[in-house]
Every structure is written in C-alpha cells, then in structure tokens.
There are 2 protein chains.
Amino acid sequence: MNLNIPDTRQQVLAQRLDQGSQLIAQELALEFDVSLDTIRRDILALEAEGKARRVRGGAVPIAKPVSPMLERLSSGHGVNQAIIDATLAHVSDVPTLLVDGGTTTLAIITQLPKLDQRLVITPSPWIAIAAQERGSDVHLLGGSLSTSGGITTGNTTLSSINDIAVDVALLGVCGLDADFGLSADDHAEMHMKQAMHRAANSTIIATEKSKLGTKARHRTLHIAQIDLIITDANPDMIKPFEQSLAKIELV
Amino acid sequence: MNLNIPDTRQQVLAQRLDQGSQLIAQELALEFDVSLDTIRRDILALEAEGKARRVRGGAVPIAKPVSPMLERLSSGHGVNQAIIDATLAHVSDVPTLLVDGGTTTLAIITQLPKLDQRLVITPSPWIAIAAQERGSDVHLLGGSLSTSGGITTGNTTLSSINDIAVDVALLGVCGLDADFGLSADDHAEMHMKQAMHRAANSTIIATEKSKLGTKARHRTLHIAQIDLIITDANPDMIKPFEQSLAKIELV
DNA sequence: CAGGATTTTGCAATATTTTGCAGGATTATG
DNA sequence: CATAATCCTGCAAAATATTGCAAAATCCTG
C-alpha cells in the first residue's frame with residue numbers, strides 16, 4: 001500500500017482525470033479511507049493547479065479544447081471572399097487539382113463550381129468531403145492524420161504523392177516571408193507540401209494578409225518555387241516580394 | 001457510477017442537441033432517474049445558455065447555420081442511443097480500431113470516450129475527423145472516395161489494408177439478411193468491408209432494425225463471419241439469425 | 001530527544017444547491 | 001367544452017459546500 005498523504009492521493013486523482021474518468025468524492029473517501037473533507041481538499045488543490053473542474057459531488061476532467069478546424073468552421077467563416085473568388089478564377093477549370101488542407105483552401109473548395117470530371121486529390125479529410133459535396137471525383141491520400149494541420153502525413157502518403165502528376169497544386173500557408181519563403185508548423189507537413197509542389201505543374205498559394213511576413217518553424221518552399229500568390233494584403237506589404245519571381249495577385 | 005448532477009446532465013443533453021436529436025423530458029427523466037421537474041430545470045438552463053429551444057414536452061436543437069458537411073458530421077440524427085451505448089461498451093477500451101464509414105458508425109465514434117493512445121484506422125474521412133475530435137490517433141486509408149458510401153476504395157486502399165492487423169473491426173451495414181448475410185451497395189465497398197474483416201481479430205456490426213432482413217446488391221460477409229451484431233430489433237426479428245454462429249446483442 | 005512550528009485531518013455549525021412535490025395556471029386535443 | 005397533459009410557482013427536505021477550529025501527526029531545529 002502507498003503512503004496515504006495529500007501528495008500521493010492527488011497524483012492518483014490527477015491520473016484518473018487525465019484518463020477521462022470523473023471523481024466522485026463519496027467513493028474516493030471510502031477507497032482511501034479518509035473523510036469526505038480530505039478528499040474535498042484534495043480536489044480543491046487539483047482545481048487550483050488547473051487539473052480538475054470541481055462540480056457538486058466531486059470533479060470532472062478539464063473541458064477539452066475543441067479542434068481549431070471545427071471551431072472556425074462552425075463559428076462563421078472568416079475567410080476573405082475576394083481571395084476565394086480570385087483563386088476560383090484560376091482553379092475552376094483545372095481538371096486535376098491537388099489541394100492542401102487549411103481553412104483558406106477549405107473555404108475555396110466549398111465554393112468550387114460543379115464541374116464534370118474534375119478530380120481533386122488531397123491529404124485532408126475536410127477537403128475531401130467538401131470536394132465530394134461539390135460533385136468532384138476525390139482521391140484521398142492516406143496516412144497518419146496530423147493534429148496540427150489536419151492533413152495526412154507520413155511515408156506512405158509521401159510515396160503515393162510521388163506517383164502522381166497534376167496541373168495545379170493549391171497550398172495552404174502557415175507562414176510566408178519574402179526571405180524565408182513558405183513555412184510550415186510541422187515537420188511532416190513540410191514534407192507533404194514540398195511533395196505536393198513537386199507533383200504539380202504549377203503551385204498556387206492563397207493566403208490572408210495576416211500570414212504575410214511571418215515565419216513558421218519549418219522552411220518549406222522558396223518564394224521562387226511558387227507560381228502564384230493570391231492575397232488581400234496592402235500594396236506596401238508585398239514590396240519585399242516584388243524582386244522574387246513569384247507572381248502576386250492583390251484582391 | 002456517474003455523477004448525476006445538473007452540470008453533467010446538461011452537458012450530455014447539449015451534446016445530443018448538437019447531434020440533432022430532440023430531447024423528450026419524459027424519457028430523460030427515466031434515463032437519468034430523476035423527476036420530470038429536474039429535467040425541466042436542466043432544459044431551462046440550456047435554454048438560458050442559448051443551447052436549446054424549449055418546446056412542449058422537451059426541447060429541440062437551435063436551428064444552426066452549419067455547412068452541409070458539418071451537418072452530416074454531426075448527424076447522429078436518428079441513430080438509436082441504445083445502440084451507440086451498447087457498441088461503445090465493446091469498443092471503448094480497444095486500443096486499435098478499424099472503423100467503416102456510415103451514419104451509425106459515425107454516431108458511435110462521435111461519442112467515443114477519450115483514451116490515450118487509441119488508434120483509429122478508417123477509410124472514411126468523416127470517421128477520421130470525428131475520431132480526431134475525440135483525441136484519437138488516426139490513420140486514414142487513402143484511395144478514391146466512393147460517392148455512395150463515402151469511404152475510400154480501390155486497389156491502393158485494399159493493398160494498404162492488407163498490411164494491417166487490428167483488434168476489432170466496426171463495420172457499417174447496407175443490408176443484413178440471415179441467409180444472404182451482410183451486403184453492400186457497391187462493388188468497391190464490398191471489397192473494402194471484406195478486407196476490413198480479414199484484417200481484424202473480431203468483427204462487430206451495429207445496425208438499426210430497419211436494415212434487418214434487407215439485401216443490398218453485393219454479398220459481402222456470411223453471418224458466421226461476424227462475431228457480434230448489435231441491434232435494436234425486436235426479439236422475433238432476429239429469429240432467423242439464431243441458428244447462425246454470430247452472437248447477437250439486443251438493446 | 002525535547003519543544004515548537006507546520007501540515008494534515010476530522011468534526012461541527014452554518015450556508016448553499018439540488019431535488020421532489022403539491023397546487024393551480026396554461027396549453028393541446030378531440 | 002371537457003379532458004388530459006404539461007407548465008409554472010413556492011416550499012420543504014436532502015445532499016453537498018464552506019468555514020472555523022482543535023486534535024493529531026509530522027517536520028524542523030538545537
């Protein structure tokens with residue numbers, strides 16, 4: 001048997017909370033053979049550490065943060081309509097599209113005009129669903145679903161993407177800097193975006209001005225490798241980009 | 001034992017509303033073993049938070065402007081809660097789950113308890129998203145997205161599924177007949193379900209009674225190949241199945 | 001080891017929350 | 001209009017929280 005001191009008990013309780021179980025004061029008092037008050041104090045301590053949410057009768061795990069993707073999707077789409085329209089003008093007639101994940105690309109794909117015989121290839125389940133609803137044929141690239149960006153990654157994904165060739169790759173952006181180039185938050189996502197670029201004849205990027213000038217952790221593409229950048233930035237914000245080869249379209 | 005306090009109940013109720021189910025005060029009073037008044041107060045509280053629209057006899061979901069894709073994602077609509085609970089009892093602790101597409105399986109996965117280190121493998125982008133929401137690691141099987149069932153199919157999918165071994169496969173149902181067995185609408189889906197069955201140690205099926213006794217186009221599995229069938233059918237509906245080897249759980 | 005400080009624990013008195021119930025008002029339904 | 005179901009209101013009982021306090025255990029120091 002363990003030491004029956006606040007420290008040990010609270011450790012056990014914290015572990016159970018992590019595991020998702022609820023703490024019921026009455027039961028715990030019996031289990032640890034202490035009074036209700038003592039358990040109550042333990043829970044009080046856990047709450048102070050932010051490890052528990054106290055409720056009448058015990059405690060429950062801290063409410064989990066919902067995924068950022070679902071969050072944004074359900075709470076109004078903050079994607080600039082002008083960006084969407086400008087991008088659609090470039091991709092609407094493309095018969096084979098390779099589409100990255102992300103809120104911007106998702107917003108674009110949900111407004112893709114219906115077209116017979118279009119094929120959308122994507123590592124993102126969100127994009128896959130949206131594209132299918134717009135009547136496209138969809139090829140979903142398999143792999144492990146990364147928590148950060150919501151796209152599949154991994155060796156199997158990479159190898160399958162290396163076997164395809166498409167007209168246009170539409171990439172999402174974590175950071176975009178004139179010198180540092182396009183960057184990604186995650187190492188696995190970086191490889192995915194690079195592979196998508198290689199598989200496509202031309203690479204298009206649509207991004208909001210807030211991403212301009214920012215750098216994410218992993219350098220992914222040089223600006224020169226990008227064929228077209230579509231953004232809602234002010235003219236002076238894109239000055240650093242002008243000497244590069246990328247074509248920039250302001251909306 | 002669960003905490004039966006306003007906080008917990010209201011959380012459950014809110015979740016059901018999100019799924020599109022309507023709340024019936026009488027039923028809930030029985031389910032939670034409290035008086036009608038208590039449920040009424042819970043609903044009152046939900047209404048105050050803007051999470052429910054109160055109607056005579058219970059409450060209905062707030063009409064929320066969701067994209068069609070989200071709508072389908074949260075459409076546990078019409079799936080019998082008892083089936084979900086019974087299935088969860090079998091799969092909650094399984095560390096590696098292979099999950100087919102379909103509204104029933106989707107409703108189940110959206111209620112999967114959080115568990116560290118669970119891996120969900122699926123050919124369905126909807127399941128993938130739902131599983132990720134619930135904190136699971138997700139491996140998405142790539143391939144062409146079939147329009148009928150919403151799962152990926154094709155040779156690449158089949159070959160990748162042949163390389164895996166899991167504890168439990170949770171399959172959806174198009175038709176289920178005592179003689180004809182489990183059947184699928186689509187030829188490609190048939191192959192997928194068969195492959196999923198082969199990859200798993202045990203095969204579980206959850207289905208509503210409306211599917212019982214019906215045959216879809218393509219015979220997929222014999223009843224004897226199924227380890228467990230969970231359904232809300234009446235006892236006399238499953239008589240034809242009794243001579244088979246499959247274990248049947250009525251809810 | 002003695003003696004004092006600190007922590008932990010259980011208890012009692014007092015709030016607070018939650019619950020079920022009784023009654024009368026209101027609404028659906030034939 | 002009559003009837004049944006559901007709703008609102010106030011209230012009292014039960015469960016749980018909070019607070020203050022004192023006894024016990026433990027730790028610390030010389």
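Note that the structure is predicted; figures quoted are calculated from it, not measured. Chain A is the first sequence line, chain B the second, and so forth, proteins listed ahead of strands; every chain is numbered from 1.
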**Request:** For the pair A/R16 and A/E31, find out whether any cationic side-chain nitrogen is under 4.0 Å from an anionic carboxylate oxygen.
**Result:**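 Yes, charged N to carboxylate O under 4.0 Å.
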**Request:** Before accepting this row, confirm whether a basic side-chain N of the pair A/R9/A/D42 lies closer than 4.0 Å to the acidic partner's carboxylate O.
**Result:**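 So A/R9 pairs with A/D42 through a salt bridge.
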Is the closest side-chain heavy-atom distance between [X] and [Y] below 4.5 Å?
X: A/R54; Y: A/L44; result: yes
X: A/E49; Y: A/Q10; result: yes
X: A/D100; Y: A/T122; result: no

**Asked** Quick one: bend of the helix from C/dC1-D/dG30 to C/dG30-D/dC1 from 5 pairs per end, to 10°?
**Response**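 End axes: 40° apart.
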Could I get the full list of side-chain hydrogen bond (donor to acceptor under 3.5 Å, both in side chains) partners for [X], not counting sequence neighbours?
X: B/S202; value: none
X: A/R40; value: none
X: B/Q225; value: none

**Message:** side-chain contact (heavy atoms from CB on, under 4.5 Å) for A/I62 and A/K51? Distances and angles first, verdict last.
**Reply:** CA-CA 7 Å; A/I62 288 287; A/K51 293 180 183 168; 5.8 Å; no
**Request:** Using whole Å, report how far CD1 of A/I39 lies from P of D/dT18.
**Result:**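 Checked: the CD1 to P distance equals 15 Å.
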**Protein-nucleotide distance (A/I24, atom CD1; D/dT16, atom C1'), rounded to Å** =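 Between C1' of D/dT16 and CD1 of A/I24: 14 Å.
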**Asked** What string of B, S and - do you get for nucleotides 3-15 of chain D, 5' to 3', if B is base contact, S is sugar-phosphate-only contact and - is no contact with any protein heavy atom under 4.0 Å?
**Response** --BBSS-B----B
**Request:** To the nearest 0.5 Å, tell me how far B/D232 CG sits from B/K209 NZ.
**Result:**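 Going from the CG atom of B/D232 to the NZ atom of B/K209 covers 5.0 Å.
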**Asked** When you list every nucleotide of DNA chain C with an atom under 4.0 Å from a heavy atom of chain A, which one comes first 5' to 3', and which comes last?
**Response**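 So the contact region on DNA chain C extends C/dT8 to C/dT18.
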